[in-house]
Amino acid sequence: MTVLEVSRYRPGIDAEPVFQRYEVPDNDDWAVLDGLNYVKDSVDGTLSFRWSCRMGICGSCGMTVNGEPRLTCGTFLADYDGVVRVEPLHGFPVIRDLVVDIEPFLEKLSSVSPWLIRSGEDPASEFAQTPAQLEAYKQYSMCINCMLCYSACPVYVLDPDFLGPAAIALAQRYNLDSRDEGDRFDVLSTDEGVWGCTFVGECTSACPKHVDPAEAIQRYKLTAAVRSVLPWVRL
Amino acid sequence: MVARGAGDPLGRVVDVLIVGGGAAGLRAAIAVAEAGLECTVLSKVYPMRSHTVSAEGGAAGVIGVGDTLDEHAYDTISGGDWLCDQDAVEMFVREAPRELIQLEHWGCPWSREPDGRVAVRPFGGMRQLRTWFAADKTGFHLLHTLFQTTLKYPQISRLDEWYVTRLLVEDGRIEGVVAIDIKTGETAAVWAKAVILATGGGGKVFPFTTNAAIKTGDGMALAYRAGAPLKDMEFVQYHPTGLPFTGILITEAARAEGGWLVNKDGYRYLQDYDLGVPTDKPKLRSMELGPRDRLSQAFVGELDKGRTVETPYGHVTFLDLRHLGEERIEARIPFVRELCRSYQKLDPVTDLIPVRPVVHYMMGGVHTDIDGATPIAGLYAAGETACVSINGANRLGSNSLPECLVFGARAGLAAAEYAGTAAKPAARAVPDEPLPDGSGSGERIADLRTEMQRTLEDAAGIYRTGDDLEKAVGSLRDLRERAKKAKLDDSSTSFNTERINALELGCMLDIAETIVASALNREESRGAHQRSDFPKRDDEGFLAHSLAHQGPDGSPVVSLLPVTITRWPPGERVYGR
Amino acid sequence: MTYYTPPVDRLWWTRRRSYFVFVLREFTSVGVAWSALLLVYAAKGNEIPVWLVPINLIALAACVFHAITFLSLAPKATVVRLDGWRVPDYMIVGGNYGLWLFASLVLAWVVL
């Protein structure tokens, strides 16, 4: 048997989270999420957590596993010895048990205009984009909004107003898209934007999709710095 | 942002309420916004969590030289074993390319040719290269592009993590929905002039499925209970290549890029099932690029002949990608490699991938016309929730994403037009309905769900018989009664996921009954519906859609509706010859 | 509805090795500042007392640590693409070290 030590917070009942232990059968194929589902289905129906695709693409099931931000569908029980501690993602308000509030992220995402900005009439056919031009932003388009990077970022945890890794990476996803004509300087080049980042680099280590938000942020720092000195230059 | 709390959460009547935030729902929302009306997207998950995100292979739309709309239509109709409505298919293939280009203009990172044009790949059952793709994360990119695009429209508001419990229908006209705010547990009426259901399918009625946890057929059940019929529910698609245990999908693109299906002897067994002769390079509409129904049926043939391999999670055959080489796998199907490494602990560059057929898609759904309109005035449906029908008895891979776009847009426009002239429903108190709480004394939700899933797999799997289906009718009726007395551990309000699970189980039981009843009624074999006791297709009796209405006792009543044939009279489905 | 907001963790930088290394790196700026002040002091023709040598050695270590980590992070900020081919990180790091060495040699030639 594997012991899961799960953080519980029931609003109105618990003043702060408490840990509850559950025993789950050993199974080499089980992810942490399978363990939680076993608990939910067979032991304690009151345990609440988000999950959906269980193939690492919907971004719902981010939690803190033994102190690290992880997608629980892709983190396997067999890789841990002893008690596995499951907590909600650090750095976010907890709604209940393992469910955290991600509303602020949605607002941040909207604030960076994460859509293709283009003036003029759309042509009847596609905008041409070579594989190299696609490659220039592709990596940043892989973000699944799972929030692991925010949880890993000490700047965000200390200052929830920080725009944060995923939102900036997604802004860069459009900035670097050859089809985009937008300008996101006013949102990004602020104290709460790229200049809030102190380059800890943990967002990139935490990212399950290899987006490398740290890189996206540092690149925009360079862009913003150059533009502050030479306003007419577009990097 | 939308105020949360007691009473009407919006404090106003929305023009169009869209239930579901996947590709069809978001596309509909943009269509409504561009028509100048306001809409609200209500979904039980944040839109970017919707199951569209899991679609891998691509989206079909004619752009290549040498390809024609008629060929796409013919592939779709023959792939659907002539159960598609041909007027709908013709309209669909005409509008699909426009929608895919629209997505490109919204920023979708489609894979490209060296000269910058959009690249297309082959796909099962298609005789031309017409499947647009974004590596093998097409659905992911499509969904995020749509979601991020919706953020620029002030006319689009959202109710994230809300769950609809019933439709408000008055005198045959939609007036809104009753929904629970999952975060608070509070129930509210959301009044709307028009409602679009885009909640996806219900693969979770089966135990082994590629479908995400959220795919519980909610929209279908809501419409069905409100009096709209469900069409062609017996047609459930098994995808031939799912990973054992997890049911994770290995995209058809893996075969389109040249992957082989082999049995335990390393033999490309599809050649024994009238699907053509093996060639080194993939051949269109042949062997591994045959339609999904036929490939899944071939697996059962191998199983019967003892040429599969037994694993702890059922019998498997193998998908062989080794000869493609690391470079091609990384360039064209990197997600396949990522999934195999994470979830199957193997590398397709050097190892065979164990696969078995897995429930993937429901061809059936809420009966609509080509504008997504249901028989209830003001109620529309689009995407997998709906059955127009362009998929007939078997959907072709890469037709579902463009279906979401084409019919999402059409439903959005039609709903906007309707809402422009419809009278505002009068906001009023609606009776609360009893929600599942901790008072039941019976079985656990999960146990009932497992039993339902087993019942469906046993009776309504790849091959079916009248006897098994009869038995399942009784089992499901019994399960419906037991579900009413289910025991819930959780009686709290905030984020009570067990209560949502109980409501979802109710939806699944309803659609499970329509699947079984429609399958029992269809005494022939066509596409994904194979009756061992009626092995032949019967165009005399069943060139018709099944319509399942909810009867007075809660059980489905099935009738038939003729198929619309325009230019392609029923013929033989020929693959590999 | 009450969400639980965890208190700010004052010891966050001790929770993970990478956080600790990060904070250590931030503190090297004290060494860098010290070296700069010392340089100005020496440039005015002042003798540097012997008892400052250990402190200077620590400051030197801090400067080297700062410089090395700074340069190894450089590829994150400077992504160079030549016809779609992304210049690999080691070349960018190598280029930066080269520039550093070159600047040091020029300085040494001027000073010595």
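Order of the sequence lines fixes the chain letters, A, B, ..., with proteins taken first and strands second; residue numbering starts at 1 for each chain.
- Interatomic distance, OH of C:Y19 versus SG of A:C153, reported as 7.5 Å (0.5 Å rounding).
- Summarising the geometry, atom NZ belonging to A:K221 is positioned 12.5 Å from atom NZ belonging to C:K76; distances are rounded to the nearest 0.5 Å.
- There is no contact between A:D14 and chain C, counting heavy-atom distances below 4.5 Å.
- The OG1 atom of C:T2 sits 11.0 Å away from the CD1 atom of A:I95 when rounded to the nearest 0.5 Å.
- Applying the 6.0 Å contact sphere to CH2 of C:W51 captures no more than 12 heavy atoms from other residues, nucleotides or ligands.
- Counting non-hydrogen atoms of neighbouring residues, nucleotides and ligands closer than 6.0 angstrom, the OH atom of A:Y80 exceeds 12 such neighbours.
- Rounded to the nearest 0.5 angstrom, A:F199 CZ and C:F22 CZ are separated by 10.5 Å.
- Most heavy-atom pairs under 4.5 Å with chain C: of the set A:P93, A:G201, A:P154, this distinction falls to A:P154.
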- [ ] I would like to know whether A:Q218 and C:L73 meet side-chain contact (heavy atoms from CB on, under 4.5 Å); could you show each step before the answer?
- [x] CA-CA 9 Å; A:Q218 309 325 311; C:L73 293 173; over 6 Å; no

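- Crowding of A:F19 atom CZ: a count of heavy atoms from other residues, nucleotides or ligands under 6.0 Å exceeding 12.
- Electrostatic pairing of A:E202 and C:R15 does not count as a salt bridge here, judged by no charged N lying under 4.0 Å from a carboxylate O.
- With respect to the salt-bridge test (charged N to carboxylate O, under 4.0 angstrom), the residues A:E135 and C:R81 do not qualify.
- For chain A, no part of C:R25 is nearby; none of its heavy atoms comes within less than 4.5 Å.
- For A:T198, the parts sitting under 4.5 Å from any heavy atom of chain C are the backbone and the side chain alike.
- Environment of CH2 in C:W13: sparse, with no more than 12 heavy atoms of neighbouring residues, nucleotides or ligands closer than 6.0 Å.
- Other residues, nucleotides and ligands contribute only 12 or fewer heavy atoms inside 6.0 Å of the CG atom of A:D81.
- Counting heavy atoms from C-beta on, the side chains of C:W12 and A:V157 never come closer than 4.5 Å.
- With a threshold of 4.5 angstrom between heavy atoms, A:A15 approaches chain C through N, CA, C or O but not through any side-chain atom.
- When all heavy atoms of A:P69 and C:R16 are compared, the closest pair comes out as CD-NH2, 3.6 Å.
- Between the OH atom in C:Y3 and the CD atom in A:E103 there is a gap of 7.0 Å [rounded to 0.5 Å].
- Within a 6.0 Å radius of CG in C:N56, other residues, nucleotides and ligands contribute more than 12 heavy atoms.
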